[in-house]
Colleague: 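My questions will all concern the structure given below.
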Amino acid sequence: MDLNTVEGVVRPGARAELPAWRPGDAWLGGGTWLFSEPQPSLRRLVDLAGLGWAPLTVSDAGLEIAATCTIAELNRLAPPAAWTAAGLIGPCCRALLGSFKIWNAATVGGNLCLALPAGPMIALTAALDGTCTLWTPEGGERPLSVLDFVRGPQETALRPGEILRSITLPIAGLTRRAAVRRISLTPGGRSGALVIGTLDAAGAFALTVTASIRRPVQIAFPILPDEGALQAALDENIPERLVFHDMHGAPEWRRHMTRELSLEIRSEFAGEGDP
Amino acid sequence: MRLTVNGMTQEAAPRPGQCLRTTLRDLGWFGVKKGCDAGDCGACTVHLDGQPVHACLMPAFRAEGRSVTTIEGLAGPCRSGEGVPAEFHPMQAAFLAAQGFQCGFCTPGMIMTAAALDASQRQDLGTALKGNLCRCTGYRAIRDAVAGITHVDPGGEGDPIGRNLPAPAAAETVSGHARFTFDAAVDGLLHLKVLRSPHPHARIVAIDRSAALAVPGVVAVFTHADVPRRRFSTGRHEDPRDDAADTLILDSVLRFVGQRVAAVVAESEAAAEAGCAALRVTYEVRPAVVDPTLALAADAPLVHDGADRPGEDAPPLHAHPNLAAEVHGGVGDVAAGLAEAHHVYEGEYHSQRVQHVHLETHGCLGLIDADGRLSLRSSTQVPFLTRDALCALFELPPDRVRVSCGRVGGGFGGKQEMLTEDLVALAVLRLGRPVKWELTRQEQFIGTTTRHPMRVRVKLGATRDGRLTAMALDVLSNTGAYGNHAGGVIHHGCNEVLAAYTCPNKRVDGYAVYTHTLPAGAFRGYGLSQTIFAMESALDELARMVGLDPYALRRRNAIRPGEPMISNSLEPHDVAIGSYGLDQCLTLVEAAMRADPGEPPPGPDWRVGSGMAMAMIDTIPPRGHFAEARLRLEADGSYTAQVGTAEFGNGTATVHRQIAASALDTDPARVRIAGADTDGVGHDTGAYGSTGTVVGGQAVLRAARALARAILVAAAERMSTDPAACRLATDRVETPAGPVPLADLGPIEAAGHAEGSPRSVSFNVQAFRVGVHPRSGEVRILKSVHAADAGCVINPMQCRGQIEGGVAQALGAALHEEVIVDGAGRVVTQTLRGYPIPTCAGVPVTEVLFADTRDRIGPLGAKSMSEAPFNPVAAALANAIRDATGARLTATPFRPDRIFAQVMNAVTVGEG
């Protein structure tokens, strides 16, 4: 929609050209959220597209995803065969509420910065132990894990003037075994619960819970737990107040489905098939 | 900046925060639609450098130097303002062949998206089209279009009745040239925006407009001090006294969050928005009542003071000022009927608030025309009643006001209201300049109307063999802050639901109450969807108690030809069984359900079950429904029909053309239909109550027959022969003395009228087979069958589309949709993301079957079929879920998070 209070657009071509941040500014990634709701407090857009960040950088250390990498670009990635957990990318892209047309514009960084509980790029990068690189307004960089970056519904650790530059997924995460489960109230709708499990070569299990709760939570286990231990860990790590409530799912159902989906993942890793 | 649009280089100067959609429309590319303005509906889809994108989310400046293709240029390069292309893109041709549209508002975006799909995406349309919403079709016709299936009859010799002839505006619709309400460029246009109430109940103490007037571009601010002190109802009926006159254009008392506080008119939307933000309003907040059950308490805050006059259709009988309308009635003795019953069932059911979500929002464009008249181009189902209301409000004679429609982008009852025209008329009359007010999608949710939420208690008694001995309904309807349609809906909602069954003892007590919430209004089904959900669920339970299958229980008790049609009184009425196809509908559905189980459930642990429900509806609303048609043989030998009724996806223009062509023995392509213009005919009650075919069509039929007689007389006179010996043909009159070309006879004009009485009844039967996941509460529809008794079906393709669309809309209401109002009276669901209407992935194929009947009342044997298919859906689904799981669901929507606990519990009990 038209953002009628916006009076100017700055289109820097390099970091040095970034304007000093001021209230009423917004960093413009794909624009798919900014232009989807009234933004009465905005006065200026700073377009990140001109900074020319390489969308995806594959290396021996892992995968660096530029904040401006679109969902479509990420979905098209042909990962090295050893990256078993890269199988999560497709399902997480498809977990986006927006259609493939949105994928052409929406960015991975935008999904993180919006910090919706259902943000599937948050789920993906949190489950794979992603680290955010933030550009500080003083010209420096600040690393922060995805789990610490997203603090709550539409709340991040970004300080005024900071920019999310990229998310790095370490090779250790990408080479784990992974499984994902998701449910929404409507077919193709916004996730009510999105749970990802990973298993490393040594048998350590990590469960990342998103969408059903206000911010992502990761629960680590030295080995694959039994059902009782998994349920107990969920109860312990996800107190009532952390369960999210909006029109995309009532809290008791989100909690229930989180347990159901977590147990399914556990069963898959245990070779038991779905319960 | 410079960009290429449809192959042509264009200059544009977008504002910094402008989206590409606005820029393209400003350049005259009106095929790029504004549906949700938020990236949810896809109506604005264009190709940017070949990639499909939502133009409403694309910053306009990013199109600089790039190439944009809109629906107008899909078939090849073109200039803005050029007409329908000579050749269509294959996807446009496919949408024409399958008639993959109804109102056509979503169609440009749908085609632009479909045209960009690769082969694998076309295999999974549910995913590929999840960013494109259609509210009319139920998606089957769209899926068929993408699959290249042809449904349209190419025409040719023979009677057009009963054939799948295409919609008259099909070519314009698929090429982006159909002109909807706001698809008009007007010089010197002003824009109107309103400030809305933050409080559910408050009095405006003061409005300081100085800062608003100081905003550059702001032309005027209107407040309650500026409006006529005349109350009216936004709800429009043939008799305006049906609805309580409880509304002012702008009121000093605010009765719901979202009510208009003041209006700002400015040179741009941006300036009008800034003006609204600059208004300083002092409120005196008053106590509010949001819960309808608390509204009738002795000490409840009052929504209206006693000076407000109630409506005359179902006026309140009791003293409580928060009662907006009441219905009480009965036949026989319900207590005695229950006493003699072997089986008694009692239950309480709740139907939620749902929104119409027509893809074109409300709004209108007003100006003073060349004759000095107030002229409004509006998105309305009732142009004539709106004209009349404006005349009353501003004390203008009818010939000084014109209201007309472009193509209307869906209605579903929501546009049987005057929600924008009053304020635009005020602004135009005061300022003398053209003024536009186009509601945003958010305003649709917070400031228009919804279905009436209802609590329905039903009590049934039956003999040992399942014969009904008593039926009682107790209904509480929440009409919100204003009484528009409060009486009509409670009246209608308590009527056919009972008349559908023969039972000696019936009782109804219905109450519509005011609350400090968003007003409810007319909605497809008009009260029946809520009461039928309760009644047909209750009958399903009763059948289980008796041990009868649900079809047998209906056969045993449903009304049959020859039986008196009695609802809740013995007062004489004008409804008759003009044709009876309920028996056929029951048999068709039962056989289809038995013949094929449908899709397998998604997994072995899913519970599977079947359920059905039926519905009856009067073919025409009561208390008068009038139509007029003027048919003219033009000087060039073609025909023009002027009708009063509006085309908003209901397909009346298609039907009217077929009726006229049939009566005139001509090719439908030679008949032009023009409608919905108060300059066109004298009066038309409007396109509501499913009257487009049975009332509008009746007027067209009478006009066409009168014109045919007049033409024969003229031809006979010319050839000095007997009119009885002459015969109309496509382009001539055959006479014993040789043919006379029609072009030699025109112009000749004839008129036809319809009065909407007597009325008949239509029947619908719906069945589902569902899978229910016993732990998540997910419901999957495995099979859906719908049989309709629509009398003679004038265009089966289109009638099928109406039914599929009605079923899909009802599935949305039964499964997912809810306008959520919080405890403080605020509407929480303000976007389509938060209010999920069915997508392509969410709507199953519904097998549509027609009873073979011919009505003795409707034109050419036809009956109405617009609202009706909506009504049995929720109960049929609930009954199937009951069959699958043992859980009796009594409140829609059946969202997984609402039902999982009850389903899990019932399944556990069933296994225990």
Side-chain angles (χ1 to χ4, degrees), chain A residues 1-11 26 28 30-40 42-45 47 49 72 94 96-106 183-190 192-193 245-254 256-257 259-261 274-275, chain B residues 15-19 21-22 37-40 42 45 48 51-54 56-59 61-62 113 116 121 126-132 268-271 273-274 277 440 442 603 605 775-778 815-816 818 820 828-829 831 833-836 838-839 841-842 895-898 900-901:
Chain A
M1 63 183 66
D2 293 339
L3 304 179
N4 286 324
T5 56
V6 171
E7 293 153 357
V9 177
V10 183
R11 304 176 76 177
L28 175 65
T32 53
W33 180 74
L34 271 183
F35 278 75
S36 80
E37 295 199 359
Q39 311 284 357
L42 288 194
R43 297 294 176 269
R44 187 170 69 165
L45 300 175
D47 186 8
R94 287 193 292 278
L96 196 79
L97 178 68
S99 73
F100 80 100
K101 292 179 287 180
I102 301 289
W103 297 14
N104 288 334
I183 192 162
S184 58
L185 290 179
T186 59
R190 183 169 284 172
H245 183 196
D246 72 353
M247 65 279 270
H248 301 286
E252 56 274 20
W253 178 75
R254 291 182 190 261
H256 167 75
M257 288 316 302
R259 192 158 44 224
E260 290 282 330
L261 301 179
D274 285 352
Chain B
R15 286 172 284 113
Q18 192 173 76
C19 67
R21 190 269 334 283
T22 302
D37 210 13
D40 297 322
T45 302
L48 184 61
Q51 271 194 340
V53 295
H54 295 253
C56 70
L57 297 181
M58 181 57 62
F61 69 80
R62 281 192 176 164
T113 305
Q121 285 176 307
T127 299
L129 293 182
K130 81 181 210 176
N132 289 81
S268 67
E269 286 196 356
E273 278 177 14
T440 64
Q442 182 188 38
D605 52 342
R775 291 188 308 283
S776 71
E778 285 175 282
L815 284 170
H816 302 302
E818 177 164 19
I820 297 170
V828 176
T829 35
T831 64
R833 290 191 287 285
Y835 186 86
T839 63
R895 293 171 22 153
D897 59 339
R898 305 266 176 91
F900 81 100

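So you know, we letter chains A, B, ... as the sequences are listed, proteins then strands, and number each from 1. Atoms considered below: every heavy atom in the structure, side chains included; atoms not considered: hydrogens, waters and symmetry mates. Just so it is clear, the structure is predicted and the values come from calculations on it, not from any experiment.
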Colleague: Out of M58(B), Q442(B), R15(B), R833(B), which one racks up the most heavy-atom pairs below 4.5 Å with chain A?
Modeller: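 Most pairs with chain A among the choices: R833(B).
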Colleague: Determine the option with the most heavy-atom pairs under 4.5 angstrom with chain A, choosing from T113(B), D40(B), L48(B).
Modeller: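 The answer is T113(B).
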Colleague: Any non-hydrogen side-chain atom of P187(A) less than 4.5 Å from a side-chain atom of H816(B)?
Modeller: yes
Colleague: Under a 4.5 Å heavy-atom cut-off, does chain B meet the side chain of L42(A), its backbone, both or neither?
Modeller: neither
Colleague: Give, as side chain, backbone, both or neither, the part of S268(B) having an atom under 4.5 angstrom from any heavy atom of chain A.
Modeller: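 When you check distances to chain A, no heavy atom of S268(B) falls under 4.5 Å.
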Colleague: Against chain B, label L185(A) side chain, backbone, both or neither, depending on which of its atoms sit under 4.5 Å from a heavy atom there.
Modeller: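 Both the backbone and the side chain of L185(A) come within 4.5 Å of chain B.
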Colleague: For R94(A), check salt bridge (Lys or Arg N to Asp or Glu O under 4.0 Å) against everything at least two apart and list the hits.
Modeller: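 Not a single residue meets the salt bridge (Lys or Arg N to Asp or Glu O under 4.0 Å) criterion with R94(A).
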Colleague: Measuring only between side-chain heavy atoms, which start at C-beta, is E273(B) closer than 4.5 Å to N4(A)?
Modeller: yes
Colleague: What is the distance from atom OG of S36(A) to atom NE2 of H54(B), rounded to the nearest 0.5 Å?
Modeller: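 It is 11.0 Å, given to the nearest 0.5 Å.
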Colleague: Using only atom types and a distance under 3.5 Å, with no angle test, would you say the side chain of W253(A) pairs donor to acceptor with the backbone of S776(B)?
Modeller: yes
Colleague: Can you check whether D897(B) reaches H248(A) side chain to side chain, under 4.5 Å on heavy atoms?
Modeller: no
Colleague: Measure distances from Q121(B) to the heavy atoms of chain A and classify the residue's part below 4.5 Å as side chain, backbone, both or neither.
Modeller: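 The side chain, not the backbone.
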Colleague: Is there a side-chain contact between R11(A) and F61(B), using heavy atoms and a 4.5 Å cut-off?
Modeller: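 R11(A) vs F61(B): side chains touch.
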Colleague: Might you point out which heavy atoms bring D2(A) and C19(B) nearest each other, and give the distance in Å?
Modeller: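 The answer is OD1-N, 2.9 Å.
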Colleague: Flag the one option from G42(B), A116(B), P896(B) with the top tally of heavy-atom pairs under 4.5 Å to chain A.
Modeller: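 That would be P896(B).
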Colleague: Taking all heavy atoms of G188(A) and all of K130(B), pick out the closest pair and write down the distance.
Modeller: O-NZ, 3.3 Å
Colleague: Please identify, among R62(B), Q18(B), Q51(B), R21(B), the residue contributing the most non-hydrogen atom pairs under 4.5 Å to chain A.
Modeller: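 Counting heavy-atom pairs under 4.5 Å, the top option is R62(B).
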Colleague: Out of R190(A), R254(A), Q39(A), E7(A), return the one with the most heavy atom pairs under 4.5 angstrom to chain B.
Modeller: E7(A)
Colleague: For the interface with chain B, which of L34(A), T5(A), I102(A) has the highest count of heavy-atom pairs at distances below 4.5 Å?
Modeller: I102(A)
Colleague: Please classify the contact between M257(A) and chain B as side chain, backbone, both or neither, with a heavy-atom cut-off of under 4.5 Å.
Modeller: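 Contact with chain B is through the side chain of M257(A) alone.
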Colleague: For chain A, which of A901(B), A270(B), G39(B), A841(B) has the most heavy-atom pairs under 4.5 Å?
Modeller: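 Among the listed options, the one with the most contacts to chain A is A270(B).
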Colleague: Are R898(B) and E252(A) close enough, and set up right, to give a salt bridge (Lys or Arg N to Asp or Glu O under 4.0 Å), and what steps lead you there?
Modeller: CA-CA 9 Å; R898(B) 305 266 176 91; E252(A) 56 274 20; over 6 Å; no
Colleague: Answer whether the closest heavy-atom distance between the side chains of N104(A) and P52(B) falls below 4.5 Å.
Modeller: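 When only atoms from C-beta onward are counted, P52(B) and N104(A) do touch, with a gap below 4.5 Å.
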Colleague: For chain B, find which of D47(A), I183(A), D246(A) contributes the most heavy-atom pairs closer than 4.5 angstrom.
Modeller: D47(A)
Colleague: Find the one option among G834(B), G842(B), P838(B) whose heavy-atom pairs under 4.5 Å with chain A are most numerous.
Modeller: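 With the most close heavy-atom pairs to chain A, the winner is G834(B).
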Colleague: Tell me, side chain or backbone of F900(B) under 4.5 Å from chain A's heavy atoms, or both, or neither?
Modeller: side chain
Colleague: Measure the shortest side-chain to side-chain distance between F35(A) and P59(B) over non-hydrogen atoms and say whether it is less than 4.5 angstrom.
Modeller: yes
Colleague: Apply ring-ring contact (aromatic ring centres under 6.0 Å, His included) to Y835(B) and list each qualifying residue two or more places apart in sequence or on a separate chain.
Modeller: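 Y835(B): ring-ring contact (aromatic ring centres under 6.0 Å, His included) contacts with F445(B).
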Colleague: Is it true that the side chains of T186(A) and R895(B) contain a donor and an acceptor less than 3.5 Å apart?
Modeller: no
Colleague: Taking every non-hydrogen pair under 4.5 Å, which of E37(A), R44(A), K101(A) racks up the most with chain B?
Modeller: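 If we count pairs closer than 4.5 Å to chain B, K101(A) comes out on top.
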